[in-house]
Amino acid sequence: MVNKRYSSLSINQNILLQEKLVQGHLSLSKKTQLLLMCSLGLNCLTLVLELSGWLIAYIVISLLWQSSIYLKLVAQPNRLIKLLVSIAGLFLLALSAKQLGLLNSMVHLLVFSYLLKPLELTSRKDFYIQVLLGIFVLVTSLVFIQSLYFMLLVLLFLTINFMLLFSIFYKTASHKTLAKGVTTTLIKSIPLTLLLFIGFPKIAPFWQMPAAQNAQVGLSDEVKVGDIAKLALSNKLAFRVEFDQAPPNYQQMYWRTLVLEDFDGIKWYQRKDNYQNLWQQQLQEEPDFSSIIGLSKLPLVSYQVIVEPNFQQWLFGLNIMTNVKSEQQTVNKNRDFTLTANKKLNSVTSYRVTSALTDHINIILTPTARNRNLLVNERNNQALADEGQRLRRLYQDDLSLVKAVLTRFNQQNYHYTLNPPLLSNNSLSEFYFDTKAGFCEHYASSFTYLMRSAGIPARMVLGYLGGEYNQRGNYYSVYQRDAHAWSEVWIAGRGWLRIDPTAAVSPERVETGFSELLQQEQNMLSSDLFASFNASQWFNQLRYMFEAIDYQWTKWVVGYSINDQINVINALYLTFVQHKRLIIAISVLMLAMIVVLISLRKKNKASRFPTEVLLLNKLIKSANKLGILKTPTLTADQLAQHIISEKPSASAAVLTFINTFKKVHYQSLSADERVKEIDKLKQQFKQLTSQLKQSG
């Protein structure tokens, strides 16, 4: 009864029926269990930086627990235990949801479900859901990291997930065979992947990244002495720049980022209270500066900036940025010549800038801006304030006063270091008169304070200086270690002038970057594992090569926007219009080649079997069409008896064909004898199939 029932069902229906007959129990081979554990751990590993401590602990416990179950060290948990584990996990998730934000909460829920699913693998359907959940967990990690190397890692882990899926169908196949099959399948999918990448509509994501929950990277809108020196120990990439023409000189590459105008005696900052009102007041007082300084007459440079995710809103550009364009963000050009994005940068962001390389910025100073940039907080810095007033009495000309301070930095025993001595209460006076050792923010901060004390409007500017040129990619990489602080003083008739006190202490820092001595100091203090290799030429050449590859990936794949997609499709359409006949001819030729290749493949596949076997297979197919089914366990004689029992009128023809088949297939015949017997077998096959049809 069961066999007859199976015979009328499809293969998939048979599988489902078998599972039902074994009461929902799914038996996994040891190989599949091992792949299941591997994929579970590796998929979760890709998200480990985004997961809470309790969920990471749950992953470890879950892996150990499920491994013990499959090793039969412990029994499967009962329903009560599963229920308690689920409730405990959901309770922890609910407690941490507010801190995690929407997206991270959804990721936690996804991973938690993925970990629970192996506890109820009772059918193939459960197994398929487990594999799909794993792949979804894996690709979710690409929301947070999009580098080329991480993508390759995800692709490797994806291969293991597909091996897990294949293992349920090919139970006796080795891991090597499974890996080969998966690799072949992935390679065959490349054309379709490229087609979807180029042509599939770029739909904006419907979620928002929980930027507030991610650690901000890089500069801050508050800085005190020592902050940038700590940042300079980081070799983390900040942004990359590719110029459309010859790049400017190193000492012109001041990447303007933040202007800090308030000082509370310890730190410089952008004051957030009543800032908007002051800003509006300044807008009313100040005329349009662009017409005053005549930007159109200045030498311009244009370049593309690709910023790494930093969960901040400010962007980077050189000096006066006259034109900014981004397809990913709305960019604001601020009146202090800085750039900000409308949203925090939670993914790689690209924009194009045109800048004027001039020292003269905004020659008009409003009363509000003047008062704001002359404020002096004497807390902790009374001695430095007195020094500013003393210098004012000595030098009536502002530029002469500026030069006097820079000369002091240059000629007295000041020292440029990443490891300055600690200052009590961050006292600028203590640095200026006593310790005389510091990084860029020490010099810029004390200089700005001194200028204000002398009655010269001054402000702190934060950003980056220079960058590392990559010859293999023809672009500059700017790292967090390139963070820099400098000052701007306002001089009547000339506007805001950039003054970098660091140049007076360490000229090579401004002209070429870190000196050899400072680089050694950075390598010694940095926690980067590869910092000690930075002086090695072979290491740097290797690093440049990998970074250039990653840059092209970021530029053309990660940064592939909807406008790029439209441009590519338009270019393909124009190419088609211009070379219509040629493309049609090539397409027809390729189609013909595909047809020929398929035919040859079928022929080759058929030629791998001897003629008698092919005739026997044809007989089986003919019998199947008449409802006479052959199972894989039947021999040729059993097949003959089976056909005879169903079609007695064809018994003689069946026996004749089978006997000839056995003679050709099993006996040792000469070449001439085999040809004769094959011809005979072909004639018998025609007669037999004709009789079967007539009896039908």
Side-chain angles (χ1 to χ4, degrees), residues 46-53 55 96-108 140-147 149-151 204-224 227-228 230-241 255-260 267-272 275 305-317 324 326-334 338-351 353 462-464 477-485 527-528 550-551 554-555 558-559 561:
T46 59
L47 282 167
V48 69
L49 296 179
E50 309 300 328
L51 301 180
S52 302
L55 189 54
S96 55
K98 186 176 180 180
Q99 183 182 4
L100 292 172
L102 179 61
L103 179 59
N104 265 3
S105 295
M106 293 297 103
V107 171
H108 277 62
T140 299
S141 63
L142 295 175
V143 173
F144 303 97
I145 305 175
Q146 295 100 31
S147 73
Y149 309 114
F150 187 76
M151 179 65 195
F206 56 83
W207 64 78
Q208 292 295 321
M209 288 284 287
Q213 282 69 44
N214 288 280
Q216 295 180 338
V217 179
L219 296 173
S220 169
D221 55 0
E222 294 183 353
V223 64
K224 60 181 182 296
D227 286 350
I228 297 183
K230 295 175 184 173
L231 192 61
L233 300 179
S234 170
N235 290 322
K236 189 175 179 61
L237 181 66
F239 59 95
R240 289 178 280 204
V241 183
W255 302 102
R256 191 181 185 84
T257 307
L258 285 163
V259 175
L260 308 182
K267 61 179 181 294
W268 295 86
Y269 62 98
Q270 282 186 328
R271 193 170 56 190
K272 296 180 175 59
Y275 185 76
V305 182
I306 300 178
V307 186
E308 293 295 299
N310 56 25
F311 305 99
Q312 310 272 16
Q313 285 184 262
W314 40 78
L315 302 173
F316 317 98
V324 185
S326 174
E327 297 172 356
Q328 300 166 267
Q329 284 269 12
T330 299
V331 180
N332 302 312
K333 288 197 296 182
N334 305 316
T338 59
L339 302 176
T340 51
N342 265 17
K343 295 180 293 184
K344 293 185 177 181
L345 308 183
N346 49 37
S347 61
V348 174
T349 303
S350 171
Y351 57 94
V353 190
L462 299 185
Y464 295 84
S477 296
V478 181
Y479 299 92
Q480 297 298 346
R481 64 171 182 258
D482 297 315
H484 194 57
S527 58
D528 188 346
D550 183 67
Y551 174 68
T554 304
K555 182 178 177 181
V558 179
S561 64

*Residues in ring-ring contact (aromatic ring centres under 6.0 Å, His included) contact with Trp255, at least two apart in sequence or another chain*: Phe239, Tyr303
*So which heavy atom on Gln270 is nearest to which on Leu258, and how close?*
OE1-CD2, 3.8 Å
*Pairing residues for Tyr351 by the ring-ring contact (aromatic ring centres under 6.0 Å, His included) criterion, not counting sequence neighbours*: none
*Would you give the length of the straight line joining atom CG of Leu100 to atom CG of Leu102, rounded to the nearest 0.5 angstrom?*
10.5 Å
*Approximate separation, where rounding is to 0.5 Å, of Ser477 OG and Tyr551 OH*: 9.0 Å
_Can you list everything that forms a salt bridge (Lys or Arg N to Asp or Glu O under 4.0 Å) with Lys224? Sequence neighbours excluded, please._
Asp227
_For Ser105, give me all partners under side chain to side chain donor-acceptor pair (under 3.5 Å), at least two apart in sequence or on another chain._
none
_Asn310 side chain near Gln312 side chain, heavy-atom distance below 4.5 Å_ = yes
*asked:* I need the minimum non-hydrogen distance between Ser326 and Val331, along with the two atoms involved.
replied: CB-CG2, 3.8 Å
*Report the residues that fulfil side chain to side chain contact (heavy atoms under 4.5 Å, CB included) with Ala232, sequence neighbours left out, ordered by chain and then residue number.*
Leu418, Phe439, Phe514
*If we only count heavy atoms from C-beta on, is the Leu345 to Leu315 side-chain gap below 4.5 Å?*
yes
*Validation row: Leu49, Leu47 side chains within 4.5 angstrom (heavy atoms)*: no
*Who passes side chain to side chain donor-acceptor pair (under 3.5 Å) against Lys333, sequence neighbours left out?*
none
_Can you confirm whether Phe144 sits close enough to Pro309 that some side-chain heavy atom of one is under 4.5 Å from a side-chain heavy atom of the other?_
no
*State which residues pass side chain to side chain contact (heavy atoms under 4.5 Å, CB included) with Asp550; sequence neighbours excluded, sorted by chain then number.*
Ser147, Leu148, Tyr149, Arg240, Trp553, Thr554
*Looking at Glu222 and Tyr269, what are the two nearest heavy atoms and their distance?*
CG-CB, 3.5 Å
*Using the test salt bridge (Lys or Arg N to Asp or Glu O under 4.0 Å), find all partners of Lys267 that sit at least two apart in sequence or belong to another chain.*
Asp264
*If you measure from CG on Asp221 to CH2 on Trp314, what distance do you get to the nearest 0.5 Å?*
4.5 Å
*Measure the shortest side-chain to side-chain distance between Asn334 and Asn332 over non-hydrogen atoms and say whether it is less than 4.5 angstrom.*
yes
*Identify, with sequence neighbours excluded, every residue that meets side chain to side chain contact (heavy atoms under 4.5 Å, CB included) alongside Ser350.*
Gln304, Ile306, Gln328
*Do Ile228 and Val223 touch side chain to side chain, with heavy atoms closer than 4.5 Å?*
yes
*asked:* By the definition side-chain hydrogen bond (donor to acceptor under 3.5 Å, both in side chains), identify the one residue from His484, Arg481, Gln480 that meets it with Tyr464.
replied: Gln480
*Search all heavy atoms of Ala483 against all heavy atoms of Leu219 and return the closest pair with its distance.*
CB-CD2, 3.9 Å
*asked:* Checking His108 against Ser96: is there a side-chain donor and acceptor pair closer than 3.5 Å?
replied: no
*Output the distance between atom OH (Tyr479) and atom CG (Leu237), rounded to the nearest 0.5 Å.*
6.0 Å
*Answer yes or no: is there a side-chain heavy-atom contact under 4.5 Å between Phe150 and Leu142?*
yes
